[in-house]
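Structure first, commentary second.
Bear in mind the structure is a predicted one, so any value in this text is a computation, not a measurement. In each ligand, atom 1 is the first atom listed, and ligand 1 is the first ligand listed.
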Amino acid sequence: MQLRTAAIHAAAGGLTERLTIHRRTIHRRPELGFAEHATADYIESVLDDLSVAHRRVLGTGVVAVLRGQATRCVGVRADMDALPVPEAPGRDGYRSEFEGVSHACGHDGHVAVLLGLAELLASVDDLPVTVALYFQPAEEGPGGGQPMVAAGVLDDPRPEAVLALHVASAHPSGTVAIRTGPSSGSNDTVTITVHGVGGHAAHPDTAVDPVPIAAQLITAIQQLVTREVDPVQPVVVTFGSIHGGHRDNVIASSVTLSGTIRALHQHNRELLNRRIPELAHAIAAAHRATVTVDLECGYPVGVNDPALTEVVAGAAAAVLGADRVVRVSEPSLGSEDFYAFGETGLPVTMFQLGVADPARGITAPHHSPAFDLDEAALPAGVAVLAETIRRLAAAG
Ligand SMILES: [Zn+2]
Ligand SMILES: [Zn+2]
């Protein structure tokens with residue numbers, strides 16, 4: 001086939017059955033981060049059938065390259081891991097076979113779309129650009145994007161842009177939701193241990209009680225959020241865990257808090273990562289205690305390159321119809337390790353592919369045991385990616 005808009009639309013539509021098979025095959029055998037062995041084997045077997053060259057990285061990651069007429073290259077990434085979430089009953093014929101593990105975020109759909117894109121592009125006569133497909137492990141944790149970049153997947157061939165999509169149960173099946181600029185939050189983890197001196201609950205003067213110090217620390221950090229950060233720039237600090245002490249009449253010797261720090265702007269991320277340890281040390285010192293603070297940097301701020309995002313928006317309108325493309329007005333402080341590809345300075349963008357079908361009860365949120373997706377939406381994902389690649393090639 002020729003890489004033309006109408007041909008892309010038709011070819012993607014013709015892949016519906018294959019995409020469903022890919023998705024269900026992967027859905028039945030969900031695998032956690034860096035353990036996606038069967039998933040990687042399946043990806044390779046499909047690529048072999050298509051005679052598409054591929055290589056393994058990081059054990060379970062796969063990079064496929066379709067060589068084009070030009071050395072210019074466009075990259076497309078799909079994450080491939082599942083979650084430790086038990087699947088809700090139902091799903092005749094494609095139920096997870098692994099107890100307690102399921103594709104509750106829809107990454108099975110992402111792999112299916114990328115395999116469908118490989119099939120579509122492999123049938124193109126004189127592909128105008130080289131296309132690299134990154135099947136990435138461990139998005140749900142501990143993160144495979146940054147290790148994949150560190151393993152050199154962007155070095156040869158060197159893409160000029162990297163695209164990705166995420167299925168979205170918040171949007172109607174077959175629609176596309178797009179946002180330009182800062183779109184998803186950075187995600188760093190802080191663990192603070194307040195070290196006091198344990199003792200008898202009735203004699204606090206003989207102890208250093210870490211519990212009220214921990215309480216002050218939590219409120220002081222929330223004050224930091226509202227008093228030191230520009231109020232029109234969103235940040236979140238959530239302490240999801242606090243542990244200390246064993247019983248009512250004993251003063252604990254330590255309390256440990258752990259939380260997530262999220263920001264939509266790198267300067268706010270740096271501010272919080274500097275000020276939270278400062279506050280923790282100062283508040284502990286004021287009350288005769290000490291702290292240890294462990295800060296673990298996670299996923300970067302997610303920024304959709306404006307020019308690249310407009311190419312995707314135009315492509316989506318061309319293959320799906322303008323009425324099926326919506327703009328997302330607000331960013332999210334959810335995080336996404338795809339943006340590790342953008343941390344290198346490359347323009348990147350991720351769009352959402354709607355997969356909700358209320359008529360069939362497919363509306364559950366991501367990460368819920370009831371999450372599912374309407375497979376009829378998957379060809380739209382292939383079409384938008386292929387048309388975006390066509391437009392990027394034509395623009396060069
Ligand atoms: Zn997820
Ligand atoms: Zn996800």
Sidechain N-carboxylate O distance under 4.0 Å for Arg4, Asp125: no
Taking NZ, NE, NH1 and NH2 as the nitrogens, is one of them in Glu310 or Arg327 under 4.0 Å from a carboxylate oxygen of the other? yes
Hits for side chain to side chain contact (heavy atoms under 4.5 Å, CB included) against Ala164, two or more places apart or cross-chain, chain-then-number order -> Arg77, Phe338, Met350
Using 2.8 Å as the cut-off, note every protein N, O or S atom close to the Zn ion (ligand 2). Cys105 SG, His107 NE2, His166 NE2
Please name the atom of His367, restricted to N, O or S, that is closest to the Zn ion (ligand 1). NE2
Would you mind writing out the side-chain donor-acceptor pairs for residues 236-258 within the sub-3.5 Å range, not counting sequence neighbours?
| residue | atom | partner | partner atom | Å |
| --- | --- | --- | --- | --- |
| Arg247 | NE | Asn249 | OD1 | 2.8 |
| Thr256 | OG1 | Thr193 | OG1 | 3.0 |

Donor-acceptor pairs are to be reported for all side-chain atoms of residues 315-323 against protein atoms at under 3.5 Å, with residues two or more places apart or in another chain.
none

Which label fits His22 and Tyr42: parallel for a plane angle under 30°, tilted from 30 to 60°, or perpendicular past 60°? perpendicular
